[in-house]
Protein chains: 2
Amino acid sequence: MRIQQLENFIVLAEELHFGKAAERLHMQQPPLSRQIKALEDELGVLLFKRNNRKVELTEEGVFFLQEAKAVTTRLTVAQHTLKAMGNGEAGTLRIGFVDSSITERFVTAMGRFKEQYPNVIIELEEKVSVEQLAAIEEGSLHIGFIRTHLVETHELPHIDVISEPYIVALAKDHPLAGQETVSVYDLAKEPLIFFPHRKNPGIYNWVLNGFSQYGLVPKFGFEVVMDQAAEMFVAGGFGYTLLPSTSCRMGRRGLTYKRVKEPFLNLRISMAWSQAHECPLVKNFIEVFTQQADS
Amino acid sequence: MRIQQLENFIVLAEELHFGKAAERLHMQQPPLSRQIKALEDELGVLLFKRNNRKVELTEEGVFFLQEAKAVTTRLTVAQHTLKAMGNGEAGTLRIGFVDSSITERFVTAMGRFKEQYPNVIIELEEKVSVEQLAAIEEGSLHIGFIRTHLVETHELPHIDVISEPYIVALAKDHPLAGQETVSVYDLAKEPLIFFPHRKNPGIYNWVLNGFSQYGLVPKFGFEVVMDQAAEMFVAGGFGYTLLPSTSCRMGRRGLTYKRVKEPFLNLRISMAWSQAHECPLVKNFIEVFTQQADS
DNA sequence: AAGAATGATGCGATTTAGGTATTATTATGC
DNA sequence: GCATAATAATACCTAAATCGCATCATTCTT
């Protein structure tokens, strides 16, 4: 059975006249007669009652007409959707992100994209950078918002989106709070209030690394899971903590925030994708994302 | 596009291996490769990523797979339904009936049929006999329960289902109530409580006819629309009324029922259909209807 | 580096579809 | 009542599409 047969059957059911239907279909009457007969033979039923003078649908024909219409329209819609997918106007875009990548820019970019491409489904999933990296290279993730140094070493195409120093949060009456900036050497002597290794090994190790650049090891104090809890301990004078600078715009009462004197920890996030798996969806997303940056 | 291409595409999407898919499809690998390529060309997208070593669906392929499955299964179901319709096990059976044809036998036959052929839709419509007759001969009604004398004059195939004399309902203290049977000649002198002509012209004229056989004309008393109202007037001694004998099995208090002495009015209803439009549905219904009569 | 696995390509044979001419049948008009 | 017009079916031919076989090209494995 060919789709064309279904389409021709539908036209004939509308015209109820082989000659006129054949004309509409840009073909001759005899092939149409044969085609309908072949369809009837294949289905094992008569679709039309025809007595050389009048053509009308049988009960079976009425039923099959509705089925044929359903099938052909579904296929036509599918073809249009496929075309839209080819233009990156339909489909599913899978985007990964790390906790700290969620900025206003990130959110508004999502909104803009959804507005411009309403038929694209966006699947967002939080994953640590290395996992995203693997998923991108495997092709199961289109785009990842991940730590910049990783995409640099993996040589993935990317756009940098965040670059902000980690800063020190201290109690206002802390001995170090009097200085404009704080030295890592001084920090290493104070207890660090930080989350446990298991919560985010990447950041944890990265912080350790920041200290070891200067031959230092931080002196760990309390380990707390939530940021708010950490700030409470800091305010209570039990030590200091480290935060991305944007995380503390509205400062907490009793705390003060100081930059580190030496080059220390700089949180850098990039939007990365795979050259190999680059598709129209990705291209369109990048375009929307960068356009927004301009405006 | 052929349906077979969609089916082959589905198999290949399951196997993800041209050789194995071709084997399952009882064909050689080269034609399958070409067929898939032709499908891709027609759709304008690649359905599979294939690098001489691995075959996997593209995003478009995943989407089209779901559409192809939907389309092919719908067509398969449609073909099964068509086959069922050929056996009279699916479709729509249109049955007409007149008011007085609704008996217990009629109702239980409907139930039995619906039980035996659950996929057949029964469309019941009440219509006077002549209209049903026209609809049957035109083919828009499969079966009609109509007045027997009409099907006899039109020579339609039919099965008689009701034959019952009309009888006379009288008040117990009515002068004619003392006799075993009542004569039409006596009846013609008494007032007849009957429904108005507009309610059922067929029966009304038929009753007039019954009297005119004997050169008589009934003497009309009250015209009432509902049967119960007629019985009340009769019980009150305002005259007599005429009823099909089964309509008064459980007699009303204060009334008595008498047969007419002479051959008078005999209500005969038949189930009729058209030889020309006889289809499996009709055959099956007749079979169920007569089977029930036996049991 | 050689061989096995696997999808693509070339070619000839068969099947299938479409076009033209014609036939058969039925309704309509004089 | 017969001739004609209308219309779907059939016959026959040509063109196109499909299939199977043989082969090629590429890539992974050992």
Side-chain angles (χ1 to χ4, degrees), chain A residues 1-58 60-61 64-65 68 72 75 137-139 276-277, chain B residues 1-58 60-62 64-65 68 72 137-139 276-277:
Chain A
M1 194 187 303
R2 289 170 302 153
I3 301 300
Q4 190 203 19
Q5 280 177 288
L6 297 181
E7 291 167 343
N8 293 0
F9 162 66
I10 293 169
V11 170
L12 179 58
E14 281 167 9
E15 296 287 341
L16 291 177
H17 187 292
F18 278 82
K20 285 172 190 160
E23 195 178 352
R24 250 183 72 184
L25 292 163
H26 306 294
M27 67 189 296
Q28 302 303 109
Q29 168 262 318
L32 179 61
S33 287
R34 283 191 304 249
Q35 208 177 84
I36 296 297
K37 186 167 176 355
L39 182 61
E40 288 176 328
D41 288 347
E42 188 175 349
L43 295 173
V45 293
L46 281 180
L47 297 170
F48 295 96
K49 259 179 290 183
R50 42 198 190 275
N51 52 357
N52 277 22
R53 202 69 195 171
K54 207 190 290 178
V55 177
E56 54 182 343
L57 283 166
T58 60
E60 288 89 350
F64 193 66
L65 175 61
T72 52
L75 272 178
E137 291 185 326
E138 183 210 8
H277 299 97
Chain B
M1 194 188 301
R2 288 171 304 155
I3 301 299
Q4 190 204 18
Q5 279 177 290
L6 297 182
E7 291 167 343
N8 293 359
F9 162 64
I10 293 168
V11 170
L12 179 58
E14 282 168 11
E15 296 288 341
L16 292 177
H17 188 292
F18 279 80
K20 285 173 191 159
E23 194 178 351
R24 248 183 74 184
L25 293 163
H26 305 293
M27 68 190 292
Q28 302 302 107
Q29 167 263 319
L32 179 61
S33 286
R34 282 191 302 249
Q35 210 177 83
I36 296 296
K37 187 171 177 349
L39 182 61
E40 288 176 327
D41 288 347
E42 188 175 348
L43 295 173
V45 295
L46 281 179
L47 297 170
F48 295 96
K49 260 179 290 182
R50 41 201 192 274
N51 52 358
N52 278 23
R53 202 70 196 170
K54 206 189 294 178
V55 177
E56 53 182 342
L57 283 166
T58 60
E60 288 89 350
V62 170
F64 193 66
L65 175 61
T72 51
E137 291 186 325
E138 184 211 7
H277 299 97

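Just so you know, these numbers use all the heavy atoms, side chains as well, and skip hydrogens, waters and symmetry mates. Throughout, protein chains are lettered first and strands after them, A, B, ... in sequence-line order, and every chain is numbered starting at 1. Predicted model, so just to flag it, every value in this text is computed and none were measured.
- Across all non-hydrogen atoms, the minimal contact from B:L65 to B:A13 is CD1-CB, 3.7 Å.
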ask   = Would A:E14 and A:R24 satisfy side-chain contact (heavy atoms from CB on, under 4.5 Å), going step by step from the backbone distance to the final call?
value = CA-CA 11 Å; A:E14 281 167 9; A:R24 250 183 72 184; 3.1 Å; yes
task = List the protein contact pattern of nucleotides 22-30 of chain D with one symbol per nucleotide (5' to 3'): B for base contact, S for sugar-phosphate-only contact, - for none; contact means a heavy-atom distance under 4.0 Å.
result = B---SBS--
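- Between the CZ atom of A:F18 and the P atom of D:dT10 there is a distance of 11 Å, rounded to whole Å.
- For DNA chain D, none of the residues of residues 40-49 of chain A falls under the heavy-atom distance limit of 4.0 Å.
- Using a 4.5 Å heavy-atom cutoff, the side chains of A:L75 and A:I3 are in contact.
- Side-chain atoms of A:T72 do not come within 3.5 Å of backbone N or O of A:E7 as any donor-acceptor pair.
- Side chain of B:Q5 to main chain of B:R2: a donor-acceptor pair is present (N/O by atom type, distance under 3.5 Å, no hydrogens or angles).
- Smallest separation of non-hydrogen atoms from B:P31 and B:M27: CB-CE, 3.7 Å.
- Interatomic distance, CG of B:L12 versus CG of B:L57, reported as 8.0 Å (0.5 Å rounding).
- Every residue two or more places apart in sequence or in another chain that forms a salt bridge (Lys or Arg N to Asp or Glu O under 4.0 Å) with A:E40 is listed here: A:R50.
- The NZ-C1' distance, from B:K54 to C:dA8, rounds to 19 Å in whole Å.
- In this structure, the CG atom of A:L39 is 15 Å from the C1' atom of C:dA17, given to the nearest Å.
- For the pair B:Q4/A:M1, no side-chain contact is recorded, criterion being any heavy-atom separation below 4.5 Å from C-beta on.
- Within a 6.0 Å radius of CD in A:E23, no more than 12 heavy atoms belonging to other residues, nucleotides or ligands are found.
- Classified by interplanar angle (parallel below 30°, tilted 30° to 60°, perpendicular above 60°), the ring pair B:F48/B:F9 is perpendicular.
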Hey, what are the protein-to-nucleotides 12-14 of chain C N/O distances that come in under 3.5 Å?
none

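- Phosphate proximity of D:dA6 to A:H17: absent, as no side-chain N or O sits under 4.0 Å from OP1 or OP2.
- Using modelled atom types, one side-chain atom of B:T58 and one backbone atom of B:L46 make a donor-acceptor pair closer than 3.5 Å.
- Atom CD of A:E56 and atom CG of A:L47 lie 13.5 Å apart (nearest 0.5 Å).
- Rounded to an integer number of Å, the gap from A:K37 NZ to C:dA17 P is 13 Å.
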Please set out all donor-acceptor pairs under 3.5 angstrom arising from side-chain atoms of residues 32-39 of chain B, sequence neighbours excluded.
from	atom 1	to	atom 2	distance (Å)
B:S33	OG	B:Q29	NE2	3.1
B:Q35	OE1	B:N8	ND2	2.5
B:K37	NZ	B:D41	OD2	3.4

Do any N or O atoms of the protein come closer than 3.5 Å to N or O atoms of nucleotides 12-19 of chain D, and which pairs are they?
from	atom 1	to	atom 2	distance (Å)
D:dC19	OP1	B:Q35	NE2	3.4

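- For the pair A:S33 and D:dA9, the criterion of a side-chain N or O lying under 4.0 Å from OP1 or OP2 is met.
- Atom P of nucleotide D:dT7 and atom CD1 of A:I36 are separated by 17 Å, given to the nearest angstrom.
- Rounded to whole Å, atom C1' of D:dA9 lies 14 Å from atom CG of A:L12.
- Rounded to whole angstrom, the span from the NZ atom of A:K20 across to the P atom of D:dA6 amounts to 11 Å.
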